Amino acid sequence: QSMELSRIAAQAAAQTIKQGIKNIERERFYDKFQDKEGQLLKAKVIKVHTDSVILDIEGTTVVLPPESQIPNRPYEVGEEIFVFLKKISKEAWSITLEITQSSPDYVEAILKKIVPEFEEGIVTIGKIGRVAGKRTKILVASTDESIDPVGVFVGHKGDRINTVLSLLDGEKVDFVEDIDDPKELITRLLKPAQVESLEFKDNGKVTARVEESQKSLAIGRGACNIKLASQLSGYQIEVIYDKRRKSDCWLSGFVAFGGIFFEKITSEGMYKALLAKGEMTARYFQIFSSGLETSSAFDLNIWCFFIEKRF
């Protein structure tokens with residue numbers, strides 16, 4: 001019985017020692033990362049699962065969950081990447097590192113590394129809107145009126161933006177100067193689309209009118225462009241277009257050809273045909289526009305004949 005008690009005591013002592021070692025290691029682990037919260041960490045991919053990626057960060061195994069990954073980005077074993085340490089949590093029996101590549105914070109941390117003017121406070125970031133894997137829009141400003149904040153972030157010959165794009169696996173990034181005029185701000189945020197007009201409503205909504213060819217650009221793939229523009233501007237943006245605006249443009253050009261031409265298309269019923277058609281291609285409009293350089297009735301009759309064949 002005495003031997004049995006000695007064996008139990010030895011096991012208890014061993015367990016206590018092991019737990020003490022684990023606690024020491026846990027504290028060392030916490031001390032190692034607690035000052036790195038909110039920073040970029042260099043990591044190496046050691047294993048890729050269907051839904052998660054296993055990383056080695058300074059000798060510590062950490063899981064990058066699917067919601068923290070850049071969507072559709074291929075991760076390869078052995079490659080080195082950067083991750084953003086959002087939070088380090090210390091619980092009774094464990095310490096958790098919350099890392100990500102998909103949050104706006106990840107983009108901001110990258111910019112702090114490659115744009116010294118940002119770290120020094122010469123240029124600032126107001127808001128960041130991001131649809132990970134697709135597009136990021138960033139409102140930027142300068143504390144010095146003589147400095148272009150967009151140019152600072154883009155860099156000489158685009159060297160800085162190219163570095164950002166490589167770390168984001170080709171994700172599109174737009175820098176937009178943060179200005180007080182909401183009309184101009186929304187117009188810039190909806191780029192690369194060209195906005196014709198904006199209508200502000202009392203309920204915080206804005207209607208942006210664009211040409212039909214610009215609608216897909218204004219909305220963006222998966223509606224990410226309009227979503228980010230709404231998020232950063234604080235307005236609920238709706239994009240509309242009017243098919244008839246094209247025909248109005250063509251008719252204005254036709255009238256400019258002169259009275260003879262206008263009488264010709266009117267007398268032969270072409271005016272109604274143009275209205276019924278509704279729109280024409282840019283190619284035909286260029287051909288017709290070249291007629292502005294001619295003045296003879298012969299040339300104008302040629303244009304009329306062309307329209308008759310067209311319709």
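Given the structure is predicted, the values throughout are model-derived calculations rather than measurements.
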Short question: side chain of [X], backbone of [Y] - any donor-acceptor pair under 3.5 Å?
| X | Y | answer |
| --- | --- | --- |
| S166 | T163 | yes |
| T143 | I122 | yes |
| E37 | I88 | yes |
| R130 | S102 | yes |
| Q101 | Y106 | no |
| S233 | A229 | yes |
| E184 | D181 | no |
| N225 | L217 | yes |

Can you tell me how far CD1 of I219 sits from CD of Q214, rounded to the nearest 0.5 angstrom?
12.0 Å
For the student: nearest non-hydrogen atoms of [X] and [Y], plus distance:
| X | Y | result |
| --- | --- | --- |
| L185 | E177 | CD1-O, 3.9 Å |
| V210 | Q194 | CG1-O, 3.7 Å |
| I70 | Y75 | N-OH, 3.2 Å |
| L232 | K127 | CD2-CB, 3.5 Å |
| F153 | T124 | CE1-O, 4.2 Å |
| V176 | R188 | CG1-CB, 3.7 Å |

Do I240 and I237 sit in one hydrophobic cluster, given that two such residues count as connected whenever their side-chain heavy atoms are within less than 4.5 Å of each other, even indirectly?
no
Give a yes or no on whether L165 and V115 share a hydrophobic cluster (residues Ile, Leu, Val, Met, Phe, Trp, Tyr; joining criterion: side-chain heavy atoms under 4.5 Å apart).
yes
Does a sphere of radius 6.0 Å around CD in Q34 hold more than 12 heavy atoms from other residues, nucleotides or ligands, not counting ones at 6.0 Å or beyond?
yes
Whether over 12 other heavy atoms sit under 6.0 Å from H156 NE2
no
Is the shortest side-chain heavy-atom distance between [X] and [Y] below 4.5 Å?
| X | Y | answer |
| --- | --- | --- |
| S230 | Y235 | no |
| F175 | L111 | yes |
| D169 | P74 | yes |

We want to know whether S146 and D144 form a side-chain donor-acceptor pair, criterion being a heavy-atom distance below 3.5 angstrom.
yes
Using a distance-only test with no angle check, is there a side-chain donor-acceptor pair under 3.5 angstrom linking T136 and E171?
yes
Looking at L55, T96, I54, which hits side chain to side chain contact (heavy atoms under 4.5 Å, CB included) with V63?
I54
Basic-acidic side-chain contact under 4.0 Å: [X], [Y]:
| X | Y | answer |
| --- | --- | --- |
| K113 | E119 | no |
| D174 | K191 | no |
| K86 | E67 | no |

Enumerate the salt bridge (charged side-chain N to carboxylate O under 4.0 Å, His left out) contacts for residues 56-65, please, sequence neighbours excluded, ordered by first and then second residue.
K36-E58
Would E79 and K42 satisfy salt bridge (charged side-chain N to carboxylate O under 4.0 Å, His left out), going step by step from the backbone distance to the final call?
CA-CA 11 Å; E79 73 168 315; K42 195 172 185 179; over 6 Å; no
